[in-house]
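Side chains included, hydrogens not; waters and symmetry mates left out as well; all remaining heavy atoms used. Predicted model, so just to flag it, every value in this text is computed and none were measured.
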Amino acid sequence: MKAAGRSVRTRLRDRVAASDPGLLRLVAGLRTVGAIALALAVLAVRGSDVPHLVAGAMAAMVATFAIQEKQRGPQAVTLALGLPVALASVSLAALLASRVVIGDAFFVVLIFCAVYGRRFGDRGTALGLIGFQLYFVSLFVGATVAELPELYLSLAVAFASSALVRFAIVPATPAGILQRLRQAFRARLAQLISAQLELLDAGPDDIDKVLEDLREGHARLHETALMIQTRLDDNTLDASTTRLVQRRIADAEIAAERLGLLLLTARSARRADTLTLHLPGAPAPSVRRMPGADEAVTLLRRDLTALRELVVRPPAEARGTALSHLRNRLLGYRDEENLPTASPAVQDVFRGIGETARAVMGLRVALDGPQDESDDSPATTRSREELDAEDAAIDAGEEEADEAEPTGLRRPTTRAAVQVAVGSSLAIVGGEMLSAQRWYWAVLTCWIVFINTASTGEILVKGYRRLLGTVFGVVAGIVLAGLVGQHTWTAFALVLVFIFAMFYTAPLSYTLMSFFVTAMLGLLYTLLHTYSMSVLLLRVEETALGAACGVVAAALVLPVRTDSRTDDLLGTVLERLTDVTEGAVDQLSGGPAADLLDRARDLDQALGDLRGATQPLTHPITPLRARRDTARYVVALLETCAYHARSLAATAELLPAHPSIAADPRLRGAVRRTVRNIGAIAAHVADPSTAVEVETGPSIASLLEYDTAGVPRYGRITGRVLRHLERLDEAVTGLARPLGVPVATPKR
């Protein structure tokens with residue numbers, strides 16, 4: 001019974017970990033709600049009136065979510081500096097409340113400084129956010145000079161509550177977050193293997209849904225891997241351990257994705273295209289019955305289930321002969337003589353299971369420390385020796401080149417500060433025409449649509465999402481205000497629920513977050529006895545006005561067009577792709593060792609930036625359907641390129657430690673055309689008038705042929721490298737058509 005209960009708890013924990021990697025959203029929501037509840041409790045005991053309760057609650061919320069540093073020390077310093085900034089902000093708001101022109105001018109200057117402060121990192125961003133938001137809070141509660149002492153007390157209680165919850169009640173250390181992210185990676189890896197199990201038995205009617213699950217599984221696993229990479233940089237682990245964890249995470253991700261491709265190939269009438277796993281809505285290949293005897297399919301189902309068990313079993317439960325037997329059997333597939341009798345495609349799947357099991361074992365050693373080796377088989381011992389040799393060869397030294405940053409108005413923070421200042425000025429003028437008392441809602445919306453956006457298209461999409469969430473939030477606010485009436489603590493309880501939902505859903509859906517914000521504000525208006533239907537409708541009007549002012553300012557003042565931004569980011573992705581590919585092939589050809597893990601991570605980050613920048617082009621509301629499809633296709637091709645480049649880098653990192661992999665100088669010639677083509681595409685993106693062409697020629701896969709004596713020209717590992725190069729070359733050539741790059745006719 002205990003084992004069954006433990007199993008249920010484990011599954012529940014894995015499900016939560018997979019849906020919220022690192023529990024970052026849960027912690028953010030609990031911290032914010034806890035800080036607000038504590039501040040309300042203290043102020044209520046003291047007998048504060050409702051306006052100061054509201055001010056304290058909103059200040060506690062701002063003091064909690066504004067702090068984004070990863071280490072506890074810097075968090076404490078920023079929080080301590082935030083209190084005097086908040087006190088100064090509310091004081092100036094109260095002093096200037098009766099001086100409309102001067103107050104509006106100061107508000108615009110404050111907005112400019114708050115946005116400009118983002119150039120100074122997390123602390124500058126936090127202090128600017130606190131200054132702006134507390135000025136807004138003062139306007140919201142109608143603070144006057146006479147009420148400042150009571151307001152100061154509310155702010156002090158709010159910041160103290162935020163500090164107590166952050167550092168004592170809901171602590172979150174970098175090491176703890178990293179540990180939870182590791183657990184999330186395991187859970188998402190297990191979910192991906194479950195999707196691969198579904199692919200094994202999927203019929204023609206189910207294949208589209210299964211492929212969509214596979215795509216989502218790959219994307220979620222990759223997202224968690226990137227989160228771990230980021231947290232490793234902010235952690236206190238030594239450099240060697242950091243690189244070891246990076247390496248094992250990358251190995252597991254690549255092995256799992258390759259296993260899915262091999263399984264899809266075995267079920268398809270022809271070799272599966274990598275693009276199928278990266279392009280949403282891509283047509284599913286025609287599936288067939290798994291070739292070979294039914295016994296092979298039964299073995300595959302059994303071994304995929306065993307692989308998932310190896311992944312999900314917690315370290316405390318990972319000991320015992322039963323699990324060791326599963327691990328030994330799966331690792332045995334890395335030896336040719338242990339492969340079951342089946343078609344070559346199905347045997348490749350068994351090899352993929354063996355390689356994934358090896359990656360999982362390496363991941364366990366890196367994350368959980370040394371494992372029990374008493375039940376190791378010869379295949380397991382060999383895999384351990386390979387992992388130990390690779391670990392010993394990891395070089396912790398890193399050198400990062402400083403990139404030149406733009407200056408003056410070309411600096412993103414300066415440009416955004418100017419744009420939001422102009423947009424806020426327009427919002428103040430237009431907002432006061434709509435309402436002399438609620439004009440600041442337009443300014444708040446204008447401010448928010450500029451946060452974490454870099455182009456006019458991104459601002460337009462964010463403004464649309466905020467307006468949509470606000471409209472639905474107004475409807476909810478009307479209903480809730482009628483139900484709650486004057487029940488103060490019931491309303492505050494609902495406010496806490498909405499705030500938790502707001503922070504928990506913020507990374508998932510900006511529209512949902514805006515919905516909860518607006519519904520919460522409807523309850524706050526009820527508490528302040530200023531609720532009416534006209535006030536909530538005015539909220540929609542001010543939101544629409546603020547979003548429009550933000551879009552106008554972004555389009556007319558130092559504009560950054562979506563096309564130019566995506567072109568710049570595309571150029572960066574192509575540059576990073578060249579760095580990874582050339583470095584990996586050079587190392588595989590016998591060249592000097594390079595820091596390929598960091599290069600691959602830079603490629604992933606650049607691709608993530610491009611994916612975010614193309615959202616205005618791929619959003620469902622865009623009227624340019626052909627352009628939307630082109631953007632999706634280009635991003636999917638680049639994700640395919642990145643997968644093969646990561647695989648090349650992972651293989652190259654095995655040198656010189658791996659006993660079965662040797663450098664092969666002949667590989668240099670296989671990649672030259674691909675690198676030239678990447679350069680040609682990059683040149684065309686930078687300047688469409690440049691006269692360049694993409695070259696085509698004999699397939700790289702043709703190098704896999706046998707010589708006249710019937711002996712393979714290359715070994716199995718080198719053959720895998722050539723297949724990755726072939727797929728990479730095909731994907732790069734495929735980029736030419738949607739980007740308008742001419743393709744040269746092969747010379748006879």
Side-chain angles (χ1 to χ4, degrees), residues 189-204 206-207 210-211 213-215 217-218 221 251-278 284-311 326-361 379-380 383 640 643-644 647 650-651 660 701 704 716-717 719-724 726-727:
L189 179 57
Q191 288 180 346
L192 180 58
I193 296 173
S194 295
Q196 292 169 352
L197 265 167
E198 293 177 5
L199 176 62
L200 183 65
D201 299 313
D206 304 324
I207 188 65
V210 171
L211 278 179
D213 291 342
L214 279 174
R215 294 184 190 113
H218 288 306
L221 185 67
D251 283 349
E253 181 187 358
I254 292 168
E257 187 163 1
R258 181 171 178 269
L259 176 59
L261 284 170
L262 292 173
L263 188 57
L264 185 60
T265 295
R267 290 228 51 198
S268 303
R270 56 186 177 83
R271 190 173 186 84
D273 189 344
T274 316
L275 186 63
T276 304
L277 292 182
H278 294 125
S286 57
V287 293
R288 59 177 178 176
R289 180 179 175 276
M290 188 71 74
D294 291 338
E295 289 79 2
V297 178
T298 302
L299 287 176
L300 276 178
R301 188 179 299 106
R302 180 200 65 179
D303 290 334
L304 284 171
T305 303
L307 180 61
R308 183 178 58 190
E309 185 69 15
L310 287 180
V311 172
L326 294 180
R327 179 197 62 206
N328 294 341
R329 186 180 76 234
L330 300 185
L331 289 172
Y333 292 141
R334 301 183 67 225
D335 295 327
E336 295 295 317
E337 60 270 19
N338 292 332
L339 293 173
T341 303
S343 68
V346 174
Q347 285 189 330
D348 278 343
V349 178
F350 281 104
R351 292 189 187 98
I353 290 175
E355 294 297 334
T356 306
R358 178 191 183 274
V360 170
M361 185 172 72
T380 304
S383 295
T640 296
Y643 161 71
H644 292 294
S647 299
T651 305
S660 64
L704 295 171
R716 185 166 63 86
I717 300 297
R720 182 190 301 177
V721 169
L722 286 172
R723 281 191 289 270
H724 281 302
E726 166 69 10
R727 294 291 182 160

> Looking at residues at least two apart in the chain, or sitting in another chain, which of them share a side-chain contact (heavy atoms from CB on, under 4.5 Å) with Asn338?
Replying inline: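 Asn338 satisfies side-chain contact (heavy atoms from CB on, under 4.5 Å) with Asp335 only.
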With sequence neighbours excluded, tell me which residues meet side chain to side chain donor-acceptor pair (under 3.5 Å) with [X].
X      : value
Asp201 : Arg301
Ser647 : none
Asp303 : Arg329, Tyr333
His724 : His644

Nearest non-hydrogen partners of [X] and [Y], listed with the distance:
X      : Y      : value
Ala650 : Ile254 : CB-CD1, 3.6 Å
Leu262 : Gly352 : CD1-CA, 3.9 Å
Ala252 : Ala359 : CA-CB, 3.8 Å
Ala379 : Gly332 : CB-CA, 3.9 Å

>> Filter on salt bridge (Lys or Arg N to Asp or Glu O under 4.0 Å), then keep only pairs touching residues 338-347, sequence neighbours left out; what's left?
In response: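 Qualifying pairs: none.
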Please output the side-chain donor-acceptor pairs of residues 192-200 that fall under 3.5 Å, not counting sequence neighbours, one pair per line with the distance.
| residue | atom | partner | partner atom | Å |
| --- | --- | --- | --- | --- |
| Ser194 | OG | Ala190 | O | 3.1 |
| Ser194 | OG | Arg308 | NH1 | 3.0 |
| Gln196 | NE2 | Ala256 | O | 3.0 |

Should [X] and [Y] count as side-chain neighbours, where that means a heavy-atom distance under 4.5 Å?
X      : Y      : answer
Thr265 : Asp348 : no
Leu259 : Leu307 : yes
Ile207 : Arg267 : no
Val360 : Leu189 : yes
Leu300 : Ile353 : yes

About how many Å separate [atom2] of [Y] and [atom1] of [X], when rounded to the nearest 0.5 Å?
X      : Y      : atom1 : atom2 : answer
Arg334 : Thr380 : CZ    : OG1   : 10.0 Å
Leu331 : Glu355 : CG    : CD    : 9.0 Å
Leu310 : Arg327 : CG    : CZ    : 8.0 Å

> Can you check whether Thr341's main-chain N or O pairs, donor with acceptor, with Gln347's side chain at less than 3.5 Å?
Replying inline: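 It does not hold such a pair.
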